[in-house]
Amino acid sequence: MRVRSAVLAAFMLVLCCRPAHASESERVIATDIVNYVCTTTASGDTQTVSVQVTLTMPTSATAGQQLTIGWRGAYAQSTSLTTPATGLPEGTKLYAYAGISDFSGLTSATGVGTIDATTPGETIALPAAQVNLTTTPSSAGTGTVRPAAINFGTSPSSPSIECEANNREDLTTYTLTVTDTGGSPTPDPDDSTTPTPDDDETDETDESDEPEETPTETPSGGAETGAGGTAGPDGRTFVLTGSVLILASVTGLALRRRRTHPHTPRA
């Protein structure tokens with residue numbers, strides 16, 4: 001009895017102390033270690049750093065409306081990015097990107113984060129707050145998302161340091177689904193098929209089975225009879241045979257009458 005009570009108490013303790021399930025909007029989808037090769041644009045010097053990137057994916061996205069992917073980064077594997085010898089211009093910011101693949105008309109999302117000013121050789125601290133990467137899909141569909149480049153500069157078009165992921169193919173991809181205003185993805189055009197009848201079901205007509213149309217010619221000066229002027233050799237043979245039979249019948253009838261009524265000579 002004591003054993004049963006102890007088991008029941010342990011079960012209730014697990015239920016009570018179990019962490020609450022995170023809401024969909026708080027669910028972290030992707031965490032990857034991204035290996036970056038960072039190039040200083042002014043000098044061409046390179047640094048290799050590893051960053052643990054965490055992406056928080058949107059739980060719903062609609063065509064024509066801006067979506068947000070959360071980005072957080074932290075240095076990993078005892079590496080860090082340092083300010084180049086030439087320093088960084090005042091107002092330098094971090095520009096983070098997420099690559100989007102397999103989605104028509106949508107290739108990336110981007111966001112900007114604030115960093116502290118640094119001196120040459122000092123570690124560039126990554127933003128402590130989440131960086132919101134935004135983009136606006138023009139149509140519904142489904143694609144995949146993974147961490148992409150990070151740049152440092154005063155504007156996206158003027159980077160002082162460019163960091164490209166050199167292990168892109170090793171990163172985990174996560175699905176991004178964008179629905180239309182009706183709440184469902186637009187079907188892929190490649191998936192829509194037009195029924196085509198099978199060969200066995202195709203109603204094919206053999207031209208050799210169709211009756212040939214015999215042209216009807218009207219003989220000169222005669223009515224259209226269908227054969228009078230165009231009977232041909234076979235027709236004339238039947239006509240001649242019929243005439244002979246009629247003549248033979250008449251001759252036979254005349255002979256029969258003579259036999260039946262013999263002629264009596266005059267006195």
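Bear in mind the structure is a predicted one, so any value in this text is a computation, not a measurement. One-based numbering along the sequence shown.
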Scanning both residues in full, the closest heavy-atom pair of V49 with L81 reads CG1-N, 3.7 Å
Quick check: does any side chain N or O of D32 sit under 3.5 Å from a backbone N or O of T172, one acting as donor and the other as acceptor? yes
Residues pairing under disulfide (SG to SG under 2.5 Å) where one sits in residues 63-124, two or more places apart or in two chains, turn out to be none
Side-chain (N167) to main-chain (I33) donor-acceptor, under 3.5 angstrom: yes
Next on the checklist: Tell me whether S158 contacts the main-chain N or O of S155 through its side chain, where contact means a donor paired with an acceptor under 3.5 Å.
Outcome noted: no
Query raised in the report: Please walk me through it: do N166 and E164 pass side chain to side chain donor-acceptor pair (under 3.5 Å)?
Result: CA-CA 6 Å; N166 65 357; E164 296 290 337; over 6 Å; no
TODO: Please check if the side chain of T41 supplies one atom and the backbone of S160 the other of a donor-acceptor pair under 3.5 Å.
DONE: yes
Rounded to the nearest 0.5 Å, the CG atom of L88 sits from the CD1 atom of I161 at a distance of 5.0 Å
Looking only at side chains, do S43 and D45 share a donor and an acceptor under 3.5 Å apart?
-> yes
query = Okay, side chain of T135, backbone of S108: is any donor-acceptor separation there less than 3.5 Å?
reply = yes
N/O donor to acceptor pairs below 3.5 angstrom from side-chain atoms of residues 63-73, sequence neighbours left out:
residue	atom	partner	partner atom	Å
R72	NH1	A128	O	3.0

Regarding Q47 and T82, is there a side-chain donor-to-acceptor distance under 3.5 Å anywhere? yes
Rounded to the nearest 0.5 Å, the OG1 atom of T48 sits from the CD atom of Q77 at a distance of 11.5 Å
**Item:** Short side-chain to backbone donor-acceptor contact, T83 and T123, under 3.5 Å
**Value:** no
